[in-house]
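Accompanying notes for the structure given below.
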Amino acid sequence: MGTDSKFELSNGNQYPVIALPWGMNFWSPQTGKMGDGWLYQYAADKIRGIKQTHQASVWIGDYGQFSLMPVTGSLKVDEEERASWFSHKAEVVKPHYYSVYLADHDVTAEVTPTERAAKFRFTYPETDSAYLIIDAFDNGSFIKVIPEERKVIGYTTKNSGGVPANFRNYFVITFDKPFTYAATYDNKQKQPGLEYTGNHAIGVIAFQTKRGEKVHASVASSFISQEQAERNLNELGDDEFDAVKAKGEAVWNTELGRIAVTGGTDDQLRTFYSCLYRVLLYPRKFYEYDANGGIVHYSPYNGQVLPGYLFTDNGFWDTFRAVFPFFNLMYSTLTGQIMEGLVNTYKESGWLPEWASPGHRESMIGSNSASIVAEAYLKGARGYDINTLYEALLKNSEKEGPLKSVGRLGVNYYNKLGYVPYDVGINENAARTLEYAYDDFAIYRLAKELGRPAEEIKRFAARAGNYKNLFDPTTGLMRGKNEDGSFQSPFNPFKWGDAFTEGNSLHYSWSVFHDIQGLIDLMGGKDNFTAKLDSVFTLPPVYDESYYGIVIHEIREMQIMNMGQYAHGNQPIQHMTYLYNFAGQPWKAQYWVREVMDKLYHSGPDGYCGDEDNGQTSAWYVFSALGFYPVCPAMDQYVIGSPLFEKATLMLENGNQVVIEASGNQSQSRYIRNAAIDGKKLTKNWLGHQELMKGANIVFEMSDTPNKSRGVNEADFPFSLSKDEQ
């Protein structure tokens, strides 16, 4: 799902991730050229190798990568020459297992992983030249073949940024069969000896095999040392390939089985669990276990090996919206470990990460670590130093970082004027202002919970209202504002970028997660508000791409989906369908949420309508299919939509269960006629986090016609700052 993508159009921009949940290493078949972000494209004909990858985004790039490729016949080490035709008909792709028939070499290659290691199985034809190419890639690598130990070791330094000078991914590969040949290469050039350090180190070994003979390889890697890579091999123990595979399957069945859904179509079930699998991949465990079993990590921030957890490969601009709310609902212990990792990131770099891969990266905007940190603590995650994290949030609220994406770009303007001006050379200024205002709300709530000084609490409560400074009453939309207080002109609500981030004013005007009532008031009341929401779906999909100079893929994805200006393929607007619940028209939320699930998702290679992005677009589907969504992550409420299945059971970490029933639910019955929780009538348009954590039985009575008298009273609306606390 999501692998049929290209630069011009994303249907997910994904590759098949063969890994355990949150695993340190991923494996994937590689169809793209070395260094190409589109490492696997569904439409490709040839495979160049089975690659260890840590790529979290095609736009961010990869690091710590190397590959294995079986070859027969005449020896070809170059990736173009060794590449083999393959067919999806002879390919098996599962979270814990991959198999492909490489037709040009008459070899079946299989891989099954643990968190830091993997087993390979190569089924060769009868030949005395059953080669295996170990490609450590270019930009600095090392290979050593040790025939007497049936072993190959090496390291790769190839990366796309965010690493210190001493960055290496060390690897070790052991085999169950002696080598009949061994050599090293620098790219295509054969080298003397069995050890080579250079730009592009490649190792070659060969076996003599009978037809159908299976050669097994055990692989592990480490960001710490060669010795640690050998230690990480212990994850495989004495298990043979099928035992590792069975254990991986059991791990995935345990995690995917934490939510049991029934009563949907086959494709809905496939889509749901494919999305859930994507949610459980990131952030990556960037820590290892030392000789004493202690948790240690190589720091991509200062190059040292230090104790404690560290996680990476996440863009908080995407994942604060639904991925971390999902973890706070289902994986509180994991969330606590991630928070400890954030403490370590702050201590090692002086900043919280906003886009880490593996260290700080210059990508996206905002200060959304505030939402991540505040939500985790407010929803009960513990076992880490929250005061250090709060200190980091305070620093973010006053400082610009060493990268534009770290700290708060334009913070001095924001704190003085209440917004980041349009005309001071800071791009995407309106989007930054709106996100900073929400992040200040998150800090405000956390400050109250921690008993911080009253002045401090008051400061962040006031800044949470800064979104109002960008509202233009003449257009009813958010608009860039100049330093002198005048609105940016000329204004085109269809212009992408400029004052906004990968979207236009029609997308970002809804980014007031914490105070929708305040936004309703600015727009002139509920009727005007819902009419403006309606217009997003009815306006033509016109656009102004002049800020970018090209039609970026996000624009094209909006244009072709036939939902007007609604751009679900990117994150800023993904919560918008739920906002009807704040204005007394919940049936419209029910209609549009189901419409998006039905039309913009399916389980095929083009099953997403834009970038999947570290689980966020998948998490939207998972939550929405269950029937609710965290519009404001830093609040303890989930806004109700339209459940997709007849029954869903959530097995919470604390042992309690949430059971959601919608008997007789069908594609046409997307509306909620009545609802009850624990046998009591439910008129509210939201569910409480603490209510769910205690275990709950929720029953939805679905209908093919909207109930326009349910959820229409102010008392039933979800939280808004200006309504509920001011």
Is there a donor-acceptor contact under 3.5 Å linking the side chains of [X] and [Y]?
| X | Y | value |
| --- | --- | --- |
| Q488 | N429 | no |
| S511 | E435 | no |
| D440 | Y414 | yes |
| D716 | N685 | no |
| Q14 | R278 | yes |
| S357 | Q55 | no |
| N482 | S486 | yes |

Pairing residues for [X] by the side chain to side chain contact (heavy atoms under 4.5 Å, CB included) criterion, not counting sequence neighbours:
| X | value |
| --- | --- |
| S405 | E362, L403 |
| P572 | W317, Y508, N570 |
| A376 | N328, T335, M339, A381, Y384 |
| S367 | E354, N396, R408, Y436, D439 |

Run the ring-ring contact (aromatic ring centres under 6.0 Å, His included) test against [X] and tell me which residues pass, sequence neighbours left out.
| X | answer |
| --- | --- |
| F628 | F623, Y638 |
| Y578 | Y629 |
| F316 | F324 |
| F537 | Y566, W592 |

Where the side chain of [X] meets the backbone of [Y], is there a donor-acceptor pair that is under 3.5 Å apart?
| X | Y | result |
| --- | --- | --- |
| S642 | Y671 | no |
| D611 | N13 | no |
| S489 | F491 | no |

Flag yes if more than 12 heavy atoms outside D484 fall under 6.0 Å of its CG atom; otherwise flag no.
yes
A quick test of your reading: do over 12 heavy atoms of other residues, nucleotides or ligands sit less than 6.0 Å from OH of Y548?
yes
Please report the interatomic distance CG(L506) to CE(M478), rounded to the nearest 0.5 Å.
12.5 Å
Please determine if E714 and K526 form a salt bridge, counting it only when a charged side-chain N lies under 4.0 Å from a carboxylate O.
yes
Taking the six-membered ring of [Y], is NZ or CZ of [X] closer than 6.0 Å to its centre and within 45° of its axis?
| X | Y | answer |
| --- | --- | --- |
| K6 | W38 | no |
| K481 | Y422 | no |
| R284 | F26 | yes |

Partner residues of [X] under the side-chain hydrogen bond (donor to acceptor under 3.5 Å, both in side chains) criterion, sequence neighbours left out:
| X | result |
| --- | --- |
| W496 | none |
| D4 | none |
| Y277 | none |

Which label fits H553 and W59: parallel for a plane angle under 30°, tilted from 30 to 60°, or perpendicular past 60°?
parallel
For the residue pair Y601 and W620, does the interplanar ring angle fall in the parallel (under 30°), tilted (30 to 60°) or perpendicular (over 60°) class?
parallel
I want to know whether [X] and [Y] have ring centres closer than 6.0 Å.
| X | Y | result |
| --- | --- | --- |
| F320 | Y438 | yes |
| F513 | H575 | yes |
| F645 | F272 | yes |

Among N368, N314, D613, find the one that has a side chain to side chain donor-acceptor pair (under 3.5 Å) with T319.
N314
Please test K588 against D534 for salt bridge (Lys or Arg N to Asp or Glu O under 4.0 Å), starting from the C-alpha separation and ending with a verdict.
CA-CA 9 Å; K588 288 186 178 177; D534 293 343; 2.9 Å; yes
With H514 as partner, the option from F719, Y467, F460 fulfilling ring pair (Phe, Tyr, Trp, His ring centres under 6.0 Å) is Y467
Applying salt bridge (charged side-chain N to carboxylate O under 4.0 Å, His left out), name anything that partners E375, two or more places apart in sequence or on another chain.
K379
Test salt bridge (Lys or Arg N to Asp or Glu O under 4.0 Å) on E398 and R463; report intermediate values, then the result.
CA-CA 12 Å; E398 300 293 337; R463 288 179 181 171; 3.5 Å; yes
